[in-house]
Amino acid sequence: MDTQNASHFIQDIIEQDLQSGKHETVVTRFPPEPNGYLHIGHAKSICLNFGLARKYGGRCHLRFDDTNPKNEDPEYVHSIIEDVKWLGYDWGEHLYYASDYFQKFYGYALQLIEQGQAYVCSLGPEEIRRYRGTLTRPGQNSPYRERGVQENLDLFQEMKKGSFEEGTHVLRAKIDMASSNINMRDPVIYRILKAEHHRTKDAWCIYPTYDYAHCLSDSIEGITHSLCSLEFQDHRPLYDWFLEKLGVKCHPQQIEFARLSLNYTVMSKRKLTQLVQGGHVQGWDDPRMPTISGLRRRGYTPGSIRKFCDLIGGAKSDNVVDMTLLEYCIREDLNRRAPRYMGVLNPVKVVITNYPGQGSEELEAINNPEDESMGTRSIPFSGVIYIEADDFREDPPKKYFRLAPGREVRLRYAYFITCREVVRDQETGMIKEIRCTYDPETKGGDAPDGRKVKGTLHWVSAAHAVKSRVRIYDRLFSRPNPLQDEKKGLGLDDTLNPDSLQEMHGCMMEPAVKELAPGDFLQFERLGYFCVDQASRPRSPVFNRTVSLKDTWAKIEKKMQNQ
RNA sequence: UGGGGCGUAGCCAAGCGGUAAGGCAACGGGUUUUGGUCCCGUCAUUCGGAGGUUCGAAUCCUUCCGCCCCAGCCA
């Protein structure tokens with residue numbers, strides 16, 4: 001199903017390493033901090049890490065990078081596990097937590113101190129910042145930089161015991177305060193944090209920082225290729241420094257790639273949180289959110305997301321992928337797999353004046369023209385049906401070939417009908433019903449005399465219709481780059497798409513939809529792909545539109561309007 | 001202005017000294033009982049700009065320009 005697309009530079013590196021014998025197997029890891037929900041940007045990293053491991057017969061670990069108890073929560077570890085599983089990846093026995101290595105990290109810190117390569121600094125946060133210098137000016141050595149090994153050992157011991165308050169002391173690597181790389185200016189590797197950790201509880205009150213913990217976690221797990229995003233490029237010398245000074249046997253290679261951006265949405269946790277907390281969406285799993293859980297509720301399939309990640313590849317240049325590519329991926333997947341139904345979102349009554357009596361009949365319909373094995377079903381037809389309001393025009397524009405006065409069209413899988421009369425409400429002027437005649441000879445949709453019609457409409461028998469609710473989703477933002485808009489001073493009110501959610505009531509579906517269960521996907525013919533909402537019930541179904549079908553007519557109509 | 005990266009079509013992206021893959025989008029056409037799908041075709045004389053090396057440069061060199069990241073005891 002996944003196409004294993006074109007080579008990218010990470011693959012090249014792996015293949016070289018395998019060929020040269022540097023590595024016999026590939027070991028990667030996906031290392032989220034459990035401090036939020038995963039989004040499509042994470043999916044890129046997940047697909048890269050798990051996908052590469054799978055492709056080369058290696059393995060990929062799921063590791064929670066839980067080194068900061070102030071940010072983390074078990075709720076997030078659960079949701080992350082669910083999301084990665086749902087995407088179709090399996091870490092086997094290799095579920096790890098950085099917090100499982102705290103004791104080892106501590107031992108390594110002692111080693112660094114003993115080697116004279118780490119020291120306890122008693123400057124406050126503000127002073128540390130001042131001593132660090134600026135981008136263009138070198139930093140200055142901390143007055144505590146030359147403390148003796150024993151003093152450092154004692155102090156670090158006291159830090160661990162909880163003798164000090166937060167912010168009073170840190171352990172720092174002794175590297176180079178004049179380095180042009182700010183990350184090398186004696187970075188903090190341990191800080192005092194008196195918070196309860198979601199796994200180690202109150203066992204520790206000192207916690208390692210990312211730079212120190214990450215490379216060591218990778219090393220402990222025998223990672224061969226440690227993939228991360230571009231902003232960590234400047235940290236690579238530090239990553240290597242720790243592993244070198246500590247003399248560990250396993251020294252993974254850090255490789256950076258560009259994170260994913262998608263237009264018409266946002267990926268930053270800050271903005272996403274703002275959307276949720278500001279009530280602009282209904283939660284982290286709102287179907288308009290770019291979160292994995294949101295996409296899932298929207299009806300995106302794991303395969304479509306994997307396909308998407310495969311198509312975008314992995315490179316080092318900043319990128320903004322077009323939303324239409326994601327939509328293409330879900331359409332492609334669902335076109336092959338989604339069973340078809342007929343449903344009318346915005347019903348208009350059609351009375352077939354020459355249809356005999358009050359009776360009805362069963363017509364046969366194909367469940368999926370792309371897959372014969374999905375079989376057929378029967379649909380009831382009768383003298384009163386609903387069609388889509390948009391499929392009738394009293395005064396049809398050019399190139400419109402749906403129903404209009406005097407015009408003949410096909411009702412899919414049923415009959416040709418011809419519009420004879422439009423009945424309007426006396427007071428409101430609204431169309432009450434459209435009166436048509438049908439041609440009994442065209443049963444099934446073909447005319448024995450070879451007569452052709454240009455339009456084929458979907459329809460639902462009024463007497464058999466299942467009334468339901470439908471939520472039409474559209475892109476969250478009306479402008480392609482909300483983050484840049486924000487820098488220009490525009491707020492959410494200016495950039496959010498006011499029509500990103502349209503709730504429709506009184507939609508009329510064919511009776512077969514009663515068999516559908518929450519989570520099922522389907523196509524309503526001529527409308528789009530939908531999924532059955534979790535709140536859906538057989539007698540009162542709720543559908544979420546995942547994505548519309550491509551709409552050539554809308555394009556033509558728009559073009560004509562612009563002329 | 002210090003350091004680290006990146007510039008190939010509207011978007012993503014191959015290309016690694018031998019004469020610009022592929023996908024999305026767009027546009028045109030064919031098939032069609034979904035204006036869907038599918039099929040066919042069009043879409044970079046040029047790779048951020050300018051010089052240079054070479055028989056030959058997107059690929060090598062020089063220089064200029066543009067964009068992104070870094071001054072958390074976040075990751």
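Atom set for the values below is all heavy atoms of this structure, side chains included, hydrogens, waters and symmetry mates excluded. Note on naming: letters A, B, ... go to the chains in the order of the sequence lines (proteins, then strands), and numbering restarts at 1 for each one. In this text, all values refer to a predicted model and were calculated from it rather than measured experimentally.
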> In Watson-Crick or G-U wobble terms, both distances under 3.5 Å, what is the partner of B:rU42?
Replying inline: B:rA26
> For B:rC6, what is the paired nucleotide under Watson-Crick or G-U wobble rules, both distances under 3.5 Å?
Replying inline: B:rG66
OP1 or OP2 of [N] less than 4.0 angstrom from a side-chain nitrogen or oxygen of [X], does that happen here?
{"X": "A:Arg191", "N": "B:rA75", "value": "yes"}
{"X": "A:Lys550", "N": "B:rU37", "value": "yes"}
{"X": "A:Ser317", "N": "B:rC68", "value": "no"}
{"X": "A:Lys70", "N": "B:rG72", "value": "no"}

>> Is it the case that the base of B:rU37 and the side chain of A:Arg336 share a donor-acceptor contact (distance under 3.5 Å, atom types as modelled)?
In response: no
>> With a 3.5 Å cut-off and heavy atoms only, can you find an N or O donor on one side and an acceptor on the other between the side chain of A:Glu370 and the base of B:rG36?
In response: yes
What nucleotide, of [options], holds the atom closest to the side chain of [X]?
{"X": "A:Asn181", "options": "B:rC73, B:rG3, B:rG36", "value": "B:rG3"}
{"X": "A:Ile182", "options": "B:rA14, B:rC70, B:rU37", "value": "B:rC70"}
{"X": "A:Asp12", "options": "B:rC16, B:rC73, B:rU37", "value": "B:rC16"}
{"X": "A:Gln523", "options": "B:rU34, B:rA75, B:rC16", "value": "B:rU34"}
{"X": "A:Thr552", "options": "B:rG36, B:rG4, B:rC12", "value": "B:rG36"}
{"X": "A:Asn68", "options": "B:rG5, B:rC74, B:rA14", "value": "B:rC74"}
{"X": "A:Arg129", "options": "B:rA71, B:rG3, B:rA25", "value": "B:rA71"}
{"X": "A:Phe232", "options": "B:rG5, B:rC27, B:rA75", "value": "B:rA75"}
{"X": "A:Val321", "options": "B:rG15, B:rG36, B:rC12", "value": "B:rC12"}
{"X": "A:Asp65", "options": "B:rA75, B:rG5, B:rG35", "value": "B:rA75"}

Under 3.5 Å, which N/O atoms of the protein pair with N/O atoms of nucleotides 30-32 of chain B?
none

> Syn or anti for B:rG29, with syn set at within 90° of 0?
Replying inline: anti
Classify the nucleic acid contact of [X] as base, sugar-phosphate or nothing, counting any heavy atom under 4.0 Å across all strands shown.
{"X": "A:Lys559", "result": "sugar-phosphate"}
{"X": "A:Tyr207", "result": "nothing"}
{"X": "A:His235", "result": "base"}
{"X": "A:Arg331", "result": "nothing"}

> Using 30° and 60° as the class limits, which term best fits the ring planes of A:Tyr207 and A:His197: parallel, tilted or perpendicular?
Replying inline: parallel
Quantified in whole Å, what is the [atom1] atom distance between nucleotide [N] and nucleotide [M]?
{"N": "B:rU63", "M": "B:rA20", "atom1": "P", "answer": "29 Å"}
{"N": "B:rC39", "M": "B:rA44", "atom1": "C1'", "answer": "26 Å"}
{"N": "B:rC68", "M": "B:rU1", "atom1": "P", "answer": "14 Å"}

> Quick one: which of A:Tyr212, A:Tyr210, A:Phe164 gives a ring pair (Phe, Tyr, Trp, His ring centres under 6.0 Å) with A:Tyr190?
Replying inline: A:Tyr212
> Does the side chain of A:Glu525 come under 3.5 Å of the side chain of A:Gln523 through a donor N or O and an acceptor N or O?
Replying inline: no
> Do A:Asp322 and A:Thr324 meet the criterion of a side-chain donor-acceptor pair at a distance under 3.5 Å?
Replying inline: yes
> Shortest non-hydrogen contact from A:Ser548 to A:Arg331?
Replying inline: O-NE, 2.7 Å
> With the threshold set at 4.0 Å, does a side-chain nitrogen-carboxylate oxygen contact exist between A:Glu388 and A:Arg402?
Replying inline: no
>> With the stacking rule set at 5.5 Å and 30°, tell me whether A:Tyr210 counts as stacking on B:rA75.
In response: no
> Does A:Lys550 reach the side chain of A:Lys555, with side-chain heavy atoms less than 4.5 Å apart?
Replying inline: no
> Is the backbone N or O of A:Phe416 less than 3.5 Å from a side-chain atom of A:Asp439, with the two atoms forming a donor-acceptor pair by type?
Replying inline: no
